[in-house]
Amino acid sequence: MVDNAKLKDVAKEVISREDVRLLIGYRPGTYGFRARPAFVENSDQVDELIFSPACVSNLSSYLTLEEKTPLPRGVEPDLRKVAVMVKGCDSRALVQQLVEKAYDREHILVLGIPCRGVVDMAKVENRFPGVISGEIAMEGDNLVFSFDGKEETVPKEELLAEKCKRCRYPTPLISDLLLDDEVERFADDDYSDITAMEGKSTEEKWAFWEEQFSRCIRCYSCRNVCPMCYCEDCVLDRLKPVWARRSVDISENTVYHISRAYHLAGRCIQCGECERVCPVDIPLMLLNRKFYRDVEELYDYEPGIKVEEKPLLSTFSVDDKEDFIL
Amino acid sequence: MAEETREGFEPNIVAFLCNWCSYAGADLAGTSRIQYPSNVRVIRVMCTGRVNPLFVMNALQQGADGVLVSGCHPGDCHYMQGNYYARRRFTLMRNFLEYLGVDPARVRMSWVSASEGSKWKEVIEEVVEGVKAVGPMDQFKRRQLNW
Amino acid sequence: MNGRPKIGVYICHCGINIAHTVDVDEVVKFASTLPDVIVARDYRYMCSDPGQALIVEDINNMGLNRVVVASCSPRMHEPTFRKTLITAGLNPYFLEMANIREQCSWVHEDKIAGTEKAKRLVESAVVKVRRLEPLEVKEVDVEPSALIIGAGIAGIQAALDIADAGFKVYLVEKTPSVGGHMAQLDKTFPTLDCSACILTPKMVDVANHPNIELLTYSQVEDISGYVGNFEVKVRKKSRFVDVDKCTGCGACAEVCRQAGRIPNEFDEGLGMRGAIYIPFPQAVPAKYTIDKENCLFLSRGKCGESPKCQEACEAGAINFELQDEIVEFKVGTIIVATGFDIFDARKKPEYAYGVYDNVVNALEFERLVSASGPTGGNVVIPQRGKKKKKKEDEEELGPVIPKNITFIQCVGSRDKSVGNEYCSRVCCMYTAKQAHLVKDKIPDAEITIFYMDVRAFGKGYEEFYDRVRREGIRYIRGNPSEIFKRGDKLVVKAEDTLTATPLEHETDMVVLSVGLEPRSDRREIIDILKLSSSPDLFYLEAHPKLRPVDTATDGIFLAGCCQGPKDIPDAVGQAKGAASAAMILLASGKVKVEAQTSVVDEATCRGCGFCVEVCPYSAIELVEINRAGWPVMVARVNEALCKGCGACSAACLSGSIQQRSFRDTQILPQIEVLGVK
């Protein structure tokens with residue numbers, strides 16, 4: 001686990017650099033065991049920084065979310081680097097953003113955090129309800145929860161986020177500074193959730209998804225949190241043409257979810273943020289992962305691995321499968 | 001909305017055809033007076049590479065019971081590569097729609113060259129039969145609001 | 001927009017072709033109820049003069065600004081009706097056609113179903129035409145000059161034709177001399193005229209032609225731009241010889257310390273040259289070149305006391321300080337004529353090429369039979385690479401004249417095991433020719449040819465093949481499996497497949513009739529010009545039948561063997577074809593570019609470059625723009641390069657790049673009306 005004292009030292013050094021304008025990391029949240037993003041602009045602010053299994057969010061989203069407000073005439077844009085802390089999974093978002101030329105490599109400074117997993121906060125809050133303030137640490141294969149002056153140890157398997165249980169890349173794939181020793185791959189993905197869904201009948205599938213989609217309130221959280229959804233103007237918001245109407249009903253909701261998932265085909269890097277933030281618990285990763293698995297199986301392609309990779313749907317092989325084509 | 005019975009059900013199929021091969025192939029079927037079912041409505045594009053897979057979704061939402069995308073055989077694309085891109089995109093979209101419970105019979109793709117008027121007929125017959133067998137598409141058809 | 005859409009819909013009966021199974025009256029009635037439709041009419045033949053006049057009249061009298069014609073396929077009459085719109089002063093792209101003949105009345109006998117479908121198709125056209133925008137048919141000027149890459153026979157011929165027509169030609173050749181492979185050949189089949197005799201006058205012509213700028217020992221480094229306006233950058237490699245001073249006297253070559261030590265490429269390594277050399281006596285330009293890898297002074301910094309060549313050169317042409325020169329110029333059109341490589345017979349180890357001196361390839365053999373070759377035209381067993389070591393022995397032994405020569409055809413052709421499925425087209429005939437030449441020079445030689453099939457398809461070829469067989473040359477149908485040595489003889493192991501007899505054939509010398517391959521450096525041109533390759537890796541023509549000299553990129557043409565194996569007449573024919581294709585552009589001086597191109601909304605483009613990757617024509621690039629004070633990258637379309645396929649539009653996630661006339665805003669309404677039953 002990353003030593004928080006070292007993390008603060010590194011952060012202090014980084015934010016003091018002339019060529020760095022902002023450091024994005026984690027700090028304790030305001031409720032329960034939660035952590036939240038920290039935006040550090042000067043060295044006084046580094047003391048609040050932490051890393052723990054509570055640091056679930058993917059900070060790479062902020063790189064593309066940051067609004068470029070219009071500059072008054074004559075004002076030069078601040079193009080200094082943004083430093084960002086990323087776990088293994090999050091780092092893949094950076095790689096994919098670079099594949100898609102979202103910004104230049106030299107505009108970011110990557111603080112890589114080799115990671116042994118983060119918690120599923122819903123499970124944690126279920127296990128320890130009503131805790132006002134607490135901390136989580138990882139010791140070996142256990143999670144240690146400190147709250148109300150006591151400590152409780154839980155095997156990490158029980159409270160780990162689902163994505164961590166199939167994590168292939170615990171060590172960041174891109175980094176300028178690695179904050180800890182590399183972590184060996186400790187899990188793999190067997191796509192059993194996808195094959196289970198595929199095994200259902202057409203009617204069963206639609207019944208399942210109809211129920212899921214009908215609950216969607218179209219809050220767009222899944223889109224907004226996604227590190228890969230950063231179009232200036234999302235087609236799903238457009239009035240010319242209208243791809244999806246505003247009305248919240250099964251038809252428009254389904255279209256929203258198909259469009260969102262398709263736009264992530266060959267791009268989703270499985271950070272799981274969409275599913276984490278969904279207020280109505282739609283299993284969004286079950287959608288994204290279908291594309292993910294197909295892309296890997298059919299085209300031997302995994303997004304967010306190599307910066308030099310070409311975008312999946314902008315490439316083809318003459319030998320691509322086509323057994324369904326008449 | 002009263003659902004039509006499967007017997008006597010005439011599906012409505014939207015087809016996207018590339019200008020150079022499949023549209024020309026469909027024209028050839030016409031000049032050869034080859035008769036085929038009238039269920040297919042064609043939208044002409046210059047290349048299957050233009051067809052956004054979300055068009056398929058859109059057509060199914062707008063009331064189409066099936067969608068067909070047809071282009072040049074691999075290697076024959078007028079623009080060299082468009083059909084290869086289309087093939088990838090549609091493979092993924094079709095698998096995904098199937099995963100959601102949309103019967104794959106509704107989402108079809110074919111290669112029909114400018115000389116394959118009779119293949120065009122066969123494709124239409126197969127697509128129409130396939131969609132007839134699975135019935136009307138109403139899973140996420142847009143409900144028209146009556147104020 | 002052109003104000004509120006005012007649409008006229010014109011339904012054609014096409015005699016009874018449409019009216020027979022489509023109730024035209026009903027379609028007219030239906031069309032007139034559609035939004036923005038001002039008038040809907042029918043006519044027996046819309047495409048006839050009165051039919052078109054009807055449209056023009058309505059445009060003028062009713063102020064129509066959009067037209068739908070429901071008739072035959074747009075592939076048939078779209079150009080006709082676009083012209084009609086122009087006649088009426090309307091932008092030709094305010095037209096949409098509904099194909100109610102080929103795709104409706106002719107294929108559906110049921111009048112009710114046919115009428116219903118026709119209505120849908122008309123409605124689809126109406127909703128699309130409402131959203132169409134005026135497009136400009138742009139013309140770009142054509143720079144009246146051509147670049148030809150490669151100065152073999154194809155490049156030379158194309159250059160002469162274009163130059164004779166009065167246009168400037170830049171002819172770029174990688175090696176020190178023009179001439180290409182044809183210059184290496186002895187006689188040409190089937191007429192047996194001497195290759196050099198027919199080629200060298202053309203070589204001299206390109207050098208002297210006032211309209212041709214010859215850039216030998218030069219390489220194209222970069223080409224940008226588009227049809228009519230290519231910008232070319234060529235590197236003229238330093239010869240270390242001032243070509244203006246060099247008289248071609250050859251005094252330098254005689255004194256070079258490396259003279260006779262370096263295998264001469266022109267003689268396929270069978271003859272030797274020095275570090276300063278001229279590839280062959282008739283080379284054009286007749287200027288010497290220092291090969292810097294082998295020049296002692298240039299590679300080691302020291303050549304005895306001082307370089308002898310410099311002393312010997314009375315003209316003072318040798319200058320070791322000379323640097324490469326970069327030449328830049330503009331051309332309107334480009335012909336690629338980069339030629340071929342011969343198959344490397346080492347890839348068929350069973351034939352022991354490179355192991356035994358008396359196994360040679362056909363191009364080496366060509367140099368052996370050539371009077372200008374290293375043996376003065378005497379067919380002898382070459383003493384490859386031994387010249388230096390055994391110089392004395394060799395003189396004692398004298399050249400060995402083979403009395404039994406065996407040719408093996410299809411080496412590296414029609415052979416999947418080496419990746420070449422294709423037929424090289426020239427080997428059958430040049431083998432017959434070489435066999436004939438041997439007969440000429442060594443009348444008592446026994447000659448055997450192993451073949452798979454003999455393909456004598458050209459003018460006079462079959463006759464020549466017959467003649468060679470009558471000369472007593474033995475053809476055995478079989479593909480040898482192995483060549484090995486027994487005593488001082490070579491043994492060719494094969495099966496005569498006509499008699500199903502395995503045989504071992506003893507011989508003094510084997511000539512491998514190697515095939516033609518795409519050049520090993522073909523990628524250089526692919527990278528510069530973004531050409532495509534066919535599966536055989538030769539450059540791909542735009543259409544195998546109807547556009548055999550064009551490439552997918554406008555203004556770039558192919559000539560000669562870079563597009564596929566060819567004999568000399570075909571290469572020359574194709575070169576003349578490419579030259580005339582290029583001259584169409586040069587002569588007209590203008591070229592129309594596609595109007596239904598893609599366009600980027602720079603306000604929403606996120607610069608991901610998906611469209612750039614997808615575009616088969618490299619028509620899109622990322623450029624930096626200023627967005628409210630911030631530098632951001634966005635895609636930009638070069639409209640002269642865009643061919644209007646729309647692949648970019650489907651790749652774009654934010655809908656920021658759209659193909660004109662096929663925008664999402666134009667297609668989605670079509671889907672909407674066609675979706676409804």
To the nearest 0.5 Å, atom SG of B:Cys77 lies from atom CH2 of B:Trp20 at 11.0 Å
Applying a strict 4.5 Å limit to non-hydrogen atoms, the region of B:Val69 in contact with chain A is neither
Query raised in the report: Are any of the side-chain nitrogens in A:Arg166 or A:Asp190 under 4.0 Å away from the carboxylate oxygens of its partner?
Result: no
d(A:Ser60 OG, A:Leu65 CG) to nearest 0.5 Å is 9.5 Å
Whatever's closer than 4.5 Å to a heavy atom in chain B on A:Leu298 counts as side chain
Separation between CE (B:Met46) and CG (B:Asn19), nearest 0.5 Å, reads 4.0 Å
Per-residue tally against chain A (heavy atom, under 4.5 Å) across B:Leu68, B:Asn58, B:Thr91 peaks at B:Thr91
Output for pair (A:Ile250 CD1, B:Gln139 CD), nearest 0.5 Å, gives 9.5 Å
Do A:Phe213 and A:Tyr256 have ring centroids that are under 6.0 Å from one another? no
Any carboxylate oxygen within less than 4.0 angstrom of a Lys/Arg side-chain nitrogen, looking at B:Lys132 and B:Glu10? yes
The interface call for A:Ser314 against chain B, heavy-atom contacts under 4.5 Å, is backbone
Output for pair (B:Met137 CE, B:Ile13 CD1), nearest 0.5 Å, gives 13.0 Å
Whatever's closer than 4.5 Å to a heavy atom in chain B on A:Tyr262 counts as side chain
If one checks every heavy atom of A:Asp323 against chain B at 4.5 Å, the contacting part turns out to be neither
So, the part of B:Glu126 with a heavy atom under 4.5 Å from chain A: the answer is side chain
dist A:Glu273:CD -> A:Cys278:SG (nearest 0.5 Å) comes out at 13.0 Å
Okay, A:Trp206 and chain B: the region with an atom under 4.5 Å from a heavy atom over there is both
If one checks every heavy atom of A:Lys200 against chain B at 4.5 Å, the contacting part turns out to be neither
When the 4.5 angstrom heavy-atom criterion is applied to B:Leu60 and chain A, the contacting part is neither
So, the part of A:Val318 with a heavy atom under 4.5 Å from chain B: the answer is both
Counting heavy-atom pairs under 4.5 Å with chain B, the top scorer among A:Val255, A:Leu313, A:Leu286 is A:Val255
Honestly, the part of A:Thr254 sitting under 4.5 Å from a heavy atom of chain B is side chain
Heavy atoms of other groups near A:Asp300 CG, more than 12 under 6.0 Å
no
Cut-off 4.5 Å, heavy atoms of chain B, and the answer for A:Glu252 is both
Under 4.5 Å to a heavy atom of chain A? For B:Asn83 that would be neither
